[in-house]
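Following: one structure in structure tokens, then a few remarks.
Letters A, B, ... are given to chains in the order of the sequence lines, protein chains preceding strands, and every chain is numbered from 1. Given the structure is predicted, the values throughout are model-derived calculations rather than measurements. The figures here come from the full heavy-atom set of this structure, side chains too, leaving out hydrogens, waters and symmetry mates.
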2 protein chains.
Amino acid sequence: MLQEDFEKILKEHGLKKTKQRILVLETLASCGDRHLTAEEIYEIVKAEFPEIGLATVYRTIQLLLELNLVESIQLGDGYVRYEIGRIGGKDAHHHHHLICLECGKVISFRDDLLDELEKRIKESVSFQVINHEVKLYGYCESCLKQEQEAGKENREPAKHLEVQLEERT
Amino acid sequence: MLQEDFEKILKEHGLKKTKQRILVLETLASCGDRHLTAEEIYEIVKAEFPEIGLATVYRTIQLLLELNLVESIQLGDGYVRYEIGRIGGKDAHHHHHLICLECGKVISFRDDLLDELEKRIKESVSFQVINHEVKLYGYCESCLKQEQEAGKENREPAKHLEVQLEERT
DNA sequence: TTCGCTGCAAATCCTTTGCATGATT
DNA sequence: AATCATGCAAAGGATTTGCAGCGAA
């Protein structure tokens with residue numbers, strides 16, 4: 001089903017159907033919420049198809065981005081990550097990310113509040129908003145719990161995200 | 001004034017005051033809205049102080065990030081950019097970016113609408129939001145004008161930002 | 001058969017690091 | 001004088017590219 005759509009899209013663009021391309025897309029599709037890096041995709045595909053090369057993974061990701069089948073996000077940790085986009089017409093446009101500063105977990109959520117913001121922008125500034133990207137940094141449920149159990153010191157929450165992330169490398 | 005604050009902060013942290021550090025910070029301060037890359041900062045400082053090395057610029061930026069004097073943003077074009085943060089107590093936390101897909105211009109704006117979103121997140125998911133980052137992609141005023149003058153074809157607006165940006169390299 | 005796609009290795013590009021020298025306190 | 005910071009060059013790490021061979025159409 002996913003694969004059939006994909007084959008159709010490839011054909012429409014005069015591109016060839018290859019096992020590598022299908023595997024990369026399938027990996028992204030099945031790891032829906034994991035937000036994989038190129039290297040991670042490579043490792044996963046290699047388990048099933050050891051001949052694949054990392055360069056092919058990069059080239060395929062590039063292709064999928066151009067075909068609008070995949071989207072990229074950068075969490076500020078130096079890696080570019082990829083997630084499957086709206087395949088088959090479902091508009092996954094307005095989904096955003098909650099990023100845990102403790103464990104790095106990424107939670108996706110939808111919200112249309114930003115439509116309101118876009119409208120306001122359009123009115124106040126002369127800027128035509130086409131798309132937007134929202135990242136909320138904080139602490140996820142399980143990290144909050146762990147901390148509560150660990151003791152009652154007041155955590156001084158990170159003021160600067162990027163730095164925070166870098167320090168945890 | 002800026003420089004005095006900076007010297008005080010350096011002293012507080014047991015760091016030395018050097019010409020390089022001051023010039024990097026000044027460059028960031030005076031180029032307020034330009035969102036410079038490390039390389040650009042390097043070039044600007046080098047005009048006034050040719051002995052400086054790129055590595056020093058990187059090290060200084062790192063320092064400024066840790067001191068919370070500077071913030072970084074990634075526009076998706078592969079470069080990390082830096083902008084001066086809230087010096088002297090002014091809280092510049094909730095400012096976000098409008099990014100022109102045509103010319104790459106970055107416009108900063110403030111908005112507190114996101115506070116509302118944060119509140120909602122907290123209620124619906126158990127996630128403690130500490131900070132957030134919003135990027136709106138679209139077309140700036142002057143690019144819109146140019147286009148109107150150039151002709152009346154319907155522009156097919158970019159569906160996928162990152163790709164769009166990459167293609168303009 | 002034709003051309004596009006792949007794998008490999010080399011090349012790039014941005015950023016970081018090691019080390020001896022030089023500057024600041 | 002004691003450190004810390006700098007410049008340079010080399011190292012790193014992610015991503016891209018060149019090219020000959022392979023595989024889809």
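Looking at B:K11, its side chain never comes within 3.5 Å of a backbone N or O of B:K17 through a donor-acceptor pair. Formation of a donor-acceptor pair under 3.5 Å by the B:R21 side chain with backbone atoms of B:F6 is not found in this model. A distance-only check finds a donor-acceptor pair linking the side chain of A:K135 to the backbone of A:Q74 [under 3.5 Å]. In this structure, the side chain of A:Y139 does not engage the main chain of B:I130 through any donor-acceptor pair within 3.5 Å.
For the helix from C:dT1-D:dA25 to C:dT25-D:dA1, the angle separating the two terminal helix axes comes to 30°, with each axis derived from five pairs and the value rounded to 10°.
In this structure, CG on A:L67 lies 10.5 Å from CD on A:Q62, to the nearest 0.5 angstrom. Expressed to the nearest 0.5 Å, how far CD1 of A:I84 lies from CG of A:L36 amounts to 10.5 Å.
Residues A:L63 and A:I52 are members of one and the same hydrophobic cluster, defined by side-chain heavy-atom contacts under 4.5 angstrom among Ile, Leu, Val, Met, Phe, Trp and Tyr. A:Y79 and A:V57 end up in different hydrophobic clusters when Ile, Leu, Val, Met, Phe, Trp and Tyr side chains are linked at under 4.5 Å.
At a threshold of 4.0 angstrom between heavy atoms, the contacts of A:E39 with the nucleic acid are absent. At the heavy-atom level, A:Y42 lies nowhere under 4.0 Å from the strands shown.
Here the closest non-hydrogen pair linking B:L28 and B:Y82 is CD1-O, 3.7 Å.
If you take CG of A:L75 and P of D:dA14, they are 15 Å apart, rounded to a whole angstrom. Rounded to whole Å, the distance from CG on B:L54 to C1' on C:dC13 is 12 Å. When rounded to the nearest whole Å, the span between CG of B:L63 and C1' of D:dT6 equals 13 Å. Atoms CD1 (A:I61) and P (D:dT16) sit 9 Å apart, rounded to a whole Å. If you take CD of B:E66 and C1' of D:dA5, they are 15 Å apart, rounded to a whole angstrom. To the nearest angstrom, C1' of C:dT16 lies 9 Å from CD of B:Q62. The distance between atom CD1 of A:I22 and atom C1' of C:dT6, rounded to the nearest whole Å, is 15 Å. We find that NE2 of A:H13 is positioned 13 Å from P of C:dC5, with the value rounded to whole Å.
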Summarise protein proximity over nucleotides 18-25 of chain D in one line of letters, 5' to 3': B for base, S for sugar-phosphate only, - for none, counting protein heavy atoms closer than 4.0 Å. B----BBS

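In this view, A:S108 and A:D33, A:H35, A:E83, A:H95, A:H97 satisfy the side chain to side chain contact (heavy atoms under 4.5 Å, CB included) rule, not counting sequence neighbours.
Nearest-nucleotide positions on DNA chain D place B:G14 closer to the 5' end than the other of B:G14 and B:P50. Remark on DNA chain C: of its neighbouring residues A:E51 and B:Y82, the 5'-side contact belongs to A:E51, judged by nearest-heavy-atom nucleotide.
In the set D:dA5, D:dA14, C:dC14, D:dA5 carries the atom at the smallest distance from any side-chain atom of B:R21. For B:A38, taking side-chain heavy atoms from C-beta onward, the closest of the listed nucleotides C:dG7, C:dT15, D:dG7 is C:dT15.
Using a 4.0 Å cut-off, no side-chain N or O of B:Q20 falls inside it from OP1 or OP2 of C:dA23. Distances shown here put every side-chain N or O of B:Y58 at or beyond 4.0 Å from the OP1 or OP2 atom of C:dC14.
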